[in-house]
Amino acid sequence: MQKLSKRLEEMLEDWKTGFRPGIALSVISEEETIFSRTYGFAALEYNMPVSRDTQFYLCSLSKQFTAFCVAELIYEGRLNVQDRLLEHFPELPESVYGEIKVNHLVHMCSGIHEWYDMLEFSGSYNDEYPWRKTLLSLLARQESLNFTPGDKHIYCNTNYTLLTLLIEQTTNKSLAEYAREQIFAPLGMNSTFYNEDNNQIIKNIAMGYYRISDHYKRADMLPPLIGAGGVTSTLADLEIWLKTLINGTWQPEILEMMLAGDIFNNGDANEYLFGFVACDIKGRRVIRHGGAVPGFFTSICFSPSDKAGFVWLANSNDFKPERVNTGIIDILEETLFHKPEANSQAGNDGFGEFSGRYIDISTGNVEILKVTGDWLHLADLELSFLHQRDLNFFTKALKPDALILENYYGLVILRHITASKDRLLVKGDALPETSNLAEYCGKYHSVELNVDYTISANSLKLYIDAVKKYGGASLIKIAKDIFLSPSEGIKLRFQRNDKGNISSFYLDCYRSQNFKFRLINGL
């Protein structure tokens with residue numbers, strides 16, 4: 001294991017020196033911790049270093065514990081994956097949610113809008129909301145879903161927040177209490193719990209930070225969204241959990257259910273499991289999940305065939321987590337993992353559809369993207385395939401480049417992420433003319449979000465006011481009646497009436513689509 005330790009130490013070199021937030025990393029092989037290191041500071045204000053017992057907010061790693069609670073209730077016959085959502089929440093409209101089942105929530109293929117998007121786009125985001133009441137009231141106002149339940153996967157926190165309510169209805173206990181009794185206490189994870197109060201004083205807690213130029217500032221914590229997030233834990237406790245997952249000797253029937261997988265309506269495999277994601281990396285099935293909120297990144301990853309994996313926790317946003325994951329996986333493949341059989345290598349020749357000309361929407365420059373097997377070529381970049389579901393491609397180890405391909409309502413979008421900035425490119429030959437932007441201007445109202453937006457224009461761009469909690473945003477025309485805002489990550493699809501005049505638009509973002517706004521007053 002000397003080579004493994006040396007390589008990982010080299011990868012973590014940046015965290016060994018300087019006054020900066022920290023990282024905690026452990027590598028597990030079967031029942032042994034074969035590498036464990038902590039670097040940096042949990043609280044810069046108090047010179048408190050990160051240790052194996054530092055409490056980190058786990059972000060979306062919390063979902064696997066919520067999923068375990070659901071799987072246990074299903075195994076005991078107290079819940080059924082085929083239960084309709086409306087059996088448990090009859091106040092929601094049948095016309096929108098009638099086809100959704102518990103199974104769709106677990107595997108994130110329900111089509112429900114993202115909870116944070118509903119809050120932010122409606123302007124009702126605040127730190128003290130009573131989320132249990134607010135969630136159902138916002139859902140009750142929605143007129144549509146992102147897609148037909150079971151058709152595809154879109155990662156969405158709302159699914160697991162609804163599962164929290166289901167667990168609490170079924171057990172007559174809070175999720176925090178139930179998870180402590182069923183998971184944390186039996187496994188001896190005595191420093192792990194669901195935290196519903198950001199203001200609670202927790203001993204040895206890590207603070208979250210983000211970098212501004214050459215210094216760090218404290219990140220504002222998001223309100224705890226219990227079930228989708230909310231768990232606080234330590235590296236020492238998560239080693240116990242990862243060994244449980246790798247070896248499968250504790251509650252094997254439930255763990256097997258969690259890792260079994262699901263299929264979409266068309267029979268294709270859904271890679272989102274019970275609180276985990278399954279993917280093929282260089283011919284090896286890997287189970288993983290990450291988490292991110294302002295100031296924190298977390299990740300857990302293991303290979304069932306190798307009975308090995310890793311977990312890491314960090315309390316700053318000044319690095320790219322996928323590069324850390326990729327770097328660790330590369331090292332484990334060279335030093336620990338078994339070589340997969342040659343015939344298990346998955347091919348990705350179908351990605352050739354993404355080859356072609358792309359326009360940088362900030363500059364208008366045209367660039368050529370070539371796809372060959374598991375490699376992307378953009379200008380002088382050569383990037384290796386990492387993850388099929390999100391069509392992500394990364395340079396090896398920690399080099400500062402990543403590409404994310406998305407087929408977005410028929411538009412192929414390419415996000416080029418670097419250490420200094422992110423670029424957005426759209427497949428095509430040229431951006432469309434913008435000579436008649438005035439026809440899109442006016443005041444629009446959304447019944448679903450109970451909010452008005454005003455769209456105005458100058459000679460080149462549209463502007464939309466009050467998007468999310470950050471203020472307005474500029475919009476760039478990328479196709480007929482379609483506009484993007486790269487800064488806000490939103491897309492507007494304008495609709496016309498029988499006379500050919502603009503009458504409404506749909507607002508889309510990555511996790512929520514089809515928020516409808518109707519024109520109420522043209523400018």
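This is a predicted model, so every value here is computed, not measured.
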Practice problem: Check the pair Phe297 / Asn317 against side-chain contact (heavy atoms from CB on, under 4.5 Å), numbers first and verdict last. | Solution: CA-CA 7 Å; Phe297 281 125; Asn317 284 142; 3.3 Å; yes
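- Between Phe276 and Leu259, the closest side-chain pair of non-hydrogen atoms falls below 4.5 Å.
- You'll find the side chain of Ile112 reaches within 4.5 Å of the side chain of Leu139, heavy atoms only.
- One N or O on the side chain of Thr161 and one on the backbone of Asn157 form a donor-acceptor pair closer than 3.5 Å.
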Quiz prompt | Stepwise side-chain contact (heavy atoms from CB on, under 4.5 Å) check, Leu462 with Cys441 | solution = CA-CA 8 Å; Leu462 287 185; Cys441 296; 4.3 Å; yes
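- A side-chain donor-acceptor contact under 3.5 Å links Lys427 to the backbone of Ser355.
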Practice problem: Walk me through it: do Arg141 and Glu91 pass the test salt bridge (charged side-chain N to carboxylate O under 4.0 Å, His left out)? | Solution: CA-CA 11 Å; Arg141 287 212 305 264; Glu91 63 269 45; over 6 Å; no
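- The heavy-atom pair separating Ala206 from Phe296 by the smallest distance is O-CZ, 3.3 Å.
- Side-chain atoms of Asn265 come within 3.5 Å of backbone N or O of Pro149 as a donor-acceptor pair.
- Between Tyr97 and Phe89, the distance from one ring center to the other does not fall under 6.0 angstrom.
- Between the side chain of Asn103 and the backbone N or O of Gln82, no donor-acceptor pair lies under 3.5 Å.
- Aromatic rings from Phe68 and Phe274 are positioned such that their centres are separated by 6.0 Å or more.
- Ring pair Phe515/His113: centre-to-centre distance below 6.0 Å.
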Practice problem: Could you walk me through whether Arg496 and Asp481 pass salt bridge (charged side-chain N to carboxylate O under 4.0 Å, His left out), step by step? | Solution: CA-CA 9 Å; Arg496 296 177 181 271; Asp481 295 338; 2.9 Å; yes
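- Among residues two or more places apart in sequence or in another chain, the ring pair (Phe, Tyr, Trp, His ring centres under 6.0 Å) test is passed with Phe56 by none.
- Judged by distance alone, the side chain of Gln142 and the main-chain N or O of Glu448 form a donor-acceptor pair under 3.5 Å.
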Exercise. Begin with the C-alpha distance, continue with both residues' side-chain angles, and end with the deciding distance and a verdict on side-chain contact (heavy atoms from CB on, under 4.5 Å) for Val106 and Val70.
Key: CA-CA 8 Å; Val106 170; Val70 173; 4.0 Å; yes
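- Taking the six-membered ring for Trp, His289 and Tyr272 have ring centres closer than 6.0 Å.
- In this structure the side chain of Leu145 reaches within 4.5 angstrom of the side chain of Val96, judged on heavy atoms.
- A side-chain donor-acceptor contact under 3.5 Å links Ser299 and Asn325.
- For the pair Leu273 and Ala278, the tightest heavy-atom approach, listed with the atom from each and the gap, is CD1-CB, 3.9 Å.
- With sequence neighbours excluded, the residues that form a side-chain contact (heavy atoms from CB on, under 4.5 Å) with Phe264 are Cys109, His153, Asn266, Asp268, Asn270.
- One N or O on the side chain of Thr66 and one on the backbone of Gly227 form a donor-acceptor pair closer than 3.5 Å.
- For Phe517 and Tyr506, the gap between ring centers reaches or exceeds 6.0 Å.
- In this structure, the side chain of Glu114 does not engage the main chain of Ser512 through any donor-acceptor pair within 3.5 Å.
- A side-chain donor-acceptor contact under 3.5 Å links Ser446 to the backbone of Leu449.
- Taking the six-membered ring where the residue is Trp, the centroids of Tyr216 and Tyr210 are separated by 6.0 Å or more.
- Aromatic ring centres of His445 and Tyr453 lie farther apart than the 6.0 Å criterion allows.
- Counting only heavy atoms from C-beta outward, the side chains of Leu165 and His88 never approach each other to under 4.5 Å.
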Quiz item: Taking it one step at a time, do Tyr440 and Phe505 satisfy ring pair (Phe, Tyr, Trp, His ring centres under 6.0 Å)?
Solution: CA-CA 9 Å; Tyr440 301 101; Phe505 69 79; over 10 Å; no
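- Under a 3.5 Å cut-off, the side chain of Ser485 and the backbone N or O of Ile490 do not form any donor-acceptor pair.
- At a threshold of 4.5 Å between non-hydrogen side-chain atoms, the residues Ile202 and Asn195 count as touching.
- Under a 4.0 Å N-O distance rule, the pair Asp117/Arg511 does not qualify as a salt bridge.
- Between atom NZ of residue Lys63 and atom OG1 of residue Thr164 there is a gap of 9.5 Å, rounded to the nearest 0.5 Å.
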Exercise. Output, in order, the C-alpha distance, side-chain angles, deciding distance and verdict of salt bridge (charged side-chain N to carboxylate O under 4.0 Å, His left out) for Asp83 and Lys101.
Key: CA-CA 5 Å; Asp83 284 352; Lys101 298 176 181 178; over 6 Å; no
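- Under a 4.0 Å N-O distance rule, the pair Glu439/Lys477 does not qualify as a salt bridge.
- No side-chain heavy atom of Lys480 sits under 4.5 Å from any side-chain heavy atom of Phe494.
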Exercise. Verify side-chain contact (heavy atoms from CB on, under 4.5 Å) between Leu313 and Ile23, making sure each step is shown before the conclusion.
Key: CA-CA 6 Å; Leu313 312 166; Ile23 187 169; over 6 Å; no
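- Look at Glu94 and Arg84 and you find a salt bridge, because one of the NZ, NE, NH1 or NH2 atoms lies within 4.0 Å of a carboxylate O, short of that distance.
- Counting only heavy atoms from C-beta outward, the side chains of Leu475 and Leu484 never approach each other to under 4.5 Å.
- Side chain of Tyr194 to backbone of Ile226: no donor-acceptor contact under 3.5 angstrom is found.
- Contact annotation: the side chain of Leu425 never approaches that of Ile359 to less than 4.5 Å [non-hydrogen atoms, C-beta and beyond].
- For His104, the ring pair (Phe, Tyr, Trp, His ring centres under 6.0 Å) test picks out no residue, with sequence neighbours left out.
- Salt bridge Arg285/Asp280: absent, no basic N to carboxylate O contact under 4.0 Å.
- Listed here is the closest heavy atom pair of Cys59 and Ala292: CB-N, 3.4 Å.
- The nearest pair of heavy atoms linking Leu86 to Gly98 is CD1-CA, 3.8 Å.
- Counting all heavy atoms, side chain and backbone alike, Cys509 lies closest to Phe121 at SG-CE1, 3.8 Å.
- Asn365 and Asp360 share no side-chain donor-acceptor pair at under 3.5 Å.
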